[in-house]
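Residue numbers begin at 1 in each chain, while the letters A, B, ... track the order of the sequences.
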Protein chains: 2
Amino acid sequence: MSQSKDQNLRVRAAKVLPAGVYGHQSVKTLPPSAPQFFKRAKGAYLWDVDERRFIDFMCGYGPNLFGYGHREIDAAYTEQLTKLDAATGPGEIMVDLAEAFTSLIRHADWAIFCKNGTDATSMALMTARAHQNKRKILIAKGAYHGAANWCTPLAAGTLEDDRAHFIYYTYNDVESLKAAANEAGDDLAGIFASPFKHDVLVDQELPDLEYASTARKICDDKDALLVVDDIRAGFRLTRESSWSAMGVSPDLSTWGKAIANGHPISCLLGSDRARSAASSLYVTGSFWFAAAAMAASLKTLELIEATDYLEHTEKLGDQLRAGLSEIAQRYDLSISQTGPSQMPLVMFNDETGARDLKLGATFVDGLMRRGVYFHPYHNMFISAAMSEQDIAFTLDAADKTARDIKAGGENG
Amino acid sequence: MSQSKDQNLRVRAAKVLPAGVYGHQSVKTLPPSAPQFFKRAKGAYLWDVDERRFIDFMCGYGPNLFGYGHREIDAAYTEQLTKLDAATGPGEIMVDLAEAFTSLIRHADWAIFCKNGTDATSMALMTARAHQNKRKILIAKGAYHGAANWCTPLAAGTLEDDRAHFIYYTYNDVESLKAAANEAGDDLAGIFASPFKHDVLVDQELPDLEYASTARKICDDKDALLVVDDIRAGFRLTRESSWSAMGVSPDLSTWGKAIANGHPISCLLGSDRARSAASSLYVTGSFWFAAAAMAASLKTLELIEATDYLEHTEKLGDQLRAGLSEIAQRYDLSISQTGPSQMPLVMFNDETGARDLKLGATFVDGLMRRGVYFHPYHNMFISAAMSEQDIAFTLDAADKTARDIKAGGENG
């Protein structure tokens, strides 16, 4: 690998990008076979700069829902680009898209479009506080809601003041949630909740109905706003807000990643209850009104409604999960497969049952060398562009990797 | 106008967007002839949804540097889109673009690419604080540095804690800057400065050398970081960091708007002195690594270096300024034209010399009805796609509007 294009790019990157590549796409903590730079993406596949092909189970960390380079969605983008994109005012399509979102997502009466997931969560924070001019926000320990100073997982560059009025609770723990709400007293502005627990490095957890209902009830009782952060899971579990299946409606929901299949747009959706607060904010961005990404999102929503992408990704996720279970049994490996099958997290345990991150990294390294891009400690995603053949290819690579691990031929 | 498409869209928008259109592109405070929704943009022109054509002096509030729908820049975007855009890792072009920026902008040794201007200023804030683990930030009163909770101009949804460690000084006032630095004591993390004073509603001011040098010296003495926020003015005044002409180098500079001629990308540039702090942050976004906007930015940088766009916009700005002065004299109107001529701000005064916003709005309303999109209290921009004919058309519209104002035929 020493003469690879990827290695050469890493040397150049180290000079002109802080820490080489920054943020969630840095491969510093991934196994050695993980490429840092890519050349091409199409459907379910990525090619790195050295022309190695991968079936990509990260899907760009979420945006790839219908496949990379999707013909219809990209055509909607480029067609709009020839007419109007970022200009001195929005296009008609901004209204069309807001109507489409509020028609598809029942709790939503309005939309604010933005660029980053963090834009949407930051506006949710501000809307909750503006709603009744209160300060306290309840957030689940370990949950990811973005990378601004108030939410980034690392403390560097942030102040205690940035999080002065956050109270942390334990996901799915009703007593912990109630205690946090009591601590907030009359100053509760809102509760943030991920649709399911999808923190890194630990098993995923689906939400308990009691937890979700309690969060709703506390917000009703205290006139606070319930925020479901659907940035990562939105449209992966249902064609609706992720808690709709449990019958729990948020006041605010945040969306991003997959809503335009990779084109840069995110949004905050809200109910009429939160409209006045949202209307009072000054929130904006140079590219928030750009029409091309809105056209791509509108086309993506059409495909979400018109195709069986959801059932397809669930089916493939189930096949992957069943196949990996079988392989683990065959080679006497202990694995944890958690979360919805179309957003799988696969982690390994040692003989004592304790989490074994090193073994997980070894497994992912073996998969990567065989052309499958897996992640050792972050949830993955099934793309609608994947096929049963892709799952079979993946399971074959997993089988060979597991066999080598058991034979002692793979080392992390 | 009651049956216009624009009016119909406003009615629809009021239902599904908070406050109709939110943020800086809402026309709520603009004269009645300002359209809210647009249909098409090409070169220097915009067409609203009712097919009215405007020479657009807002340039999308900055992004339009070389003209809307620029053939080469958009082709760079769409060509890259067919290969790789938002994926599980960046493309080679991320390194190419960081090299291009650090080669063009002398103070810069590294780059972090992001989406919003606010992303870049927020990272500048965090980098300054991480640099020596200090808290205080000096910011000029009235300066705009974005719309996150720590910087948005309206208080709604924000807390005092969000700005707990900001100390405000007066732009170009050396004593005020020194006093703020003294107040910060040993806790000074950084100084934010706009390249020139381009606040809304007041005359623009070019920076005094003594002010800029003092800011630099304070940062040197206290090991704090100097941030020049070039998001609005970057590449409008020079092909370098905007204070380079005065020989003052920032440690950090923030860029956005025009750097990809309207495609969604912004960046934080920094010197080696700030590299370790920047490397310590966790900052990221789902679309920050997307390759297509990087390709558009790389092409824009090429055009910045290879063309006379800068001299052309200066020349047209000078022609506009001279022409408006002549018209004001001819009709005995008192106008203030401030700032660099390629980023003009035109405001009106009454007979006593006091600012007359109503007269300014009347003037802009007359221009808009004649097909010229001017702004009554925000700086404007000259696009390189404008021609001397466009300036002549604008001056003709201004002459007719001023004549009608003097004749009492225009009312705000």
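Around atom CG of A:Asn133, no more than 12 heavy atoms belonging to other residues, nucleotides or ligands sit under 6.0 Å away. Environment of NZ in A:Lys39: sparse, with no more than 12 heavy atoms of neighbouring residues, nucleotides or ligands closer than 6.0 Å.
Using a distance-only test at 3.5 Å, with no hydrogens or angles considered, no donor-acceptor pair links the side chain of A:Asp6 to the main chain of A:Pro35. Remark: the backbone N or O of A:His24 is paired with a side-chain donor or acceptor of B:Thr284 at under 3.5 angstrom.
Contact annotation for A:Pro63: only side-chain heavy atoms (C-beta onward) come within less than 4.5 Å of a heavy atom of chain B. At a 4.5 Å heavy-atom cutoff, B:Phe54 makes no contact with chain A through either its backbone or its side chain. With a 4.5 Å cut-off on non-hydrogen atoms, B:Ser280 touches chain A through its backbone and its side chain both. Heavy atoms of B:Val21 lying under 4.5 Å from chain A belong exclusively to its side chain. With a 4.5 Å cut-off on non-hydrogen atoms, B:Asp109 touches chain A through its backbone but not through its side chain. There is no contact between A:Trp47 and chain B, counting heavy-atom distances below 4.5 Å. Neither the backbone nor the side chain of B:Cys114 comes within contact range of chain A, judged by heavy atoms closer than 4.5 Å. In this structure, chain A has a heavy atom under 4.5 Å from the side chain of B:Asp119, while its backbone stays farther away. With a 4.5 Å cut-off on non-hydrogen atoms, B:Phe287 touches chain A through its side chain but not through its backbone. With a threshold of 4.5 angstrom between heavy atoms, A:Thr158 approaches chain B through side-chain atoms but not through N, CA, C or O. If you measure heavy-atom distances from B:Phe101 to chain A, you find no contacts under 4.5 Å at all. For chain A, the nearby parts of B:Tyr61 are the backbone and the side chain; heavy atoms of each come within less than 4.5 Å. Heavy atoms closer than 4.5 Å to chain A are found in the side chain of B:His165, but not in its backbone. Interface residue B:Leu46: only side-chain heavy atoms are found under 4.5 Å from chain A. Looking at B:Ile265, the atoms closer than 4.5 Å to chain A (heavy atoms on both sides) all sit in the backbone: N, CA, C or O. Only the side chain of B:Thr102 comes within contact range of chain A, with at least one heavy atom under 4.5 Å from a heavy atom of that chain.
Across A:Trp288, A:Phe289, A:Tyr373, the residue that shares the most heavy-atom pairs under 4.5 angstrom with chain B is A:Phe289. Interface summary for chain A: among B:Ala34, B:Gly69, B:Ala111, B:Ser122, the most heavy-atom pairs under 4.5 angstrom belong to B:Ala111. Each of A:Ile93, A:Thr88, A:Val95 has some count of heavy-atom pairs under 4.5 Å with chain B, and the biggest count is that of A:Thr88. Most heavy-atom pairs under 4.5 Å with chain B: of the set A:Tyr77, A:Tyr68, A:Tyr282, A:Trp110, this distinction falls to A:Tyr282. Among A:Leu281, A:Val27, A:Val283, A:Leu159, the residue making the largest number of heavy-atom pairs under 4.5 Å with chain B is A:Leu159. Most heavy-atom pairs under 4.5 Å with chain A: of the set B:Gly285, B:Pro264, B:Pro153, B:Cys59, this distinction falls to B:Pro264. Ranked by heavy-atom pairs under 4.5 Å with chain A, the list B:Pro90, B:Ala130, B:Gly262, B:Gly60 is led by B:Pro90. For the set B:Thr152, B:Asn116, B:Leu154, the entry with the most heavy-atom pairs within less than 4.5 Å of chain A is B:Asn116. When each of A:Lys115, A:Glu92, A:Met58 is scored by its heavy-atom pairs under 4.5 Å with chain B, the top score falls to A:Glu92. Among the candidates B:Asp162, B:Asp56, B:Asn64, B:Ile112, the residue making the largest number of heavy-atom pairs closer than 4.5 Å to chain A is B:Ile112. Ranking B:Ala156, B:Ala86, B:Gly89 against chain A, the residue ahead of the rest is B:Gly89, based on heavy-atom pairs under 4.5 Å. Contact count against chain B (heavy-atom pairs under 4.5 Å) is highest for A:Gln25 among A:Arg129, A:Arg40, A:Met126, A:Gln25.
Here the closest non-hydrogen pair linking A:Leu84 and B:Ala41 is CD1-CB, 3.8 Å. Among all heavy-atom pairs drawn from B:Asp48 and B:Phe38, the shortest one is CA-CD2, 3.7 Å. Scanning all heavy atoms of the two residues, the minimum distance from A:Ala164 to B:Asp161 falls at CB-OD2, 3.8 Å. Scanning both residues, B:Ala274 and B:Leu225, for their nearest heavy atoms gives CB-CD1, 3.8 Å. Among all heavy-atom pairs drawn from A:Ala124 and A:Leu268, the shortest one is CB-CD1, 3.9 Å. In plain terms, the two heavy atoms of A:Ala128 and A:Leu252 that are nearest each other are N-CD1, 4.4 Å.
Expressed to the nearest 0.5 Å, how far CZ of B:Phe374 lies from CD1 of B:Ile55 amounts to 9.5 Å. Taking CZ of A:Arg163 as the start and CZ of A:Phe166 as the end, the distance is 7.0 Å to the nearest 0.5 Å.
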Counting only pairs under 3.5 Å, give me each side-chain donor-acceptor contact of residues 11-19 of chain B, with atom names and distances, residues two or more places apart or in other chains.
unit_1, atom_1, unit_2, atom_2, d
B:Arg12, NE, A:Glu99, OE2, 2.8
B:Arg12, NH2, A:Asp96, OD1, 2.8
B:Arg12, NH2, A:Glu99, OE1, 2.8

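Between A:Asp187 and A:Arg135 a salt bridge is recorded (basic side-chain N to carboxylate O distance below 4.0 Å).
Checking B:His263 against B:Asp74 by side-chain atom types alone, a donor-acceptor pair falls below 3.5 Å.
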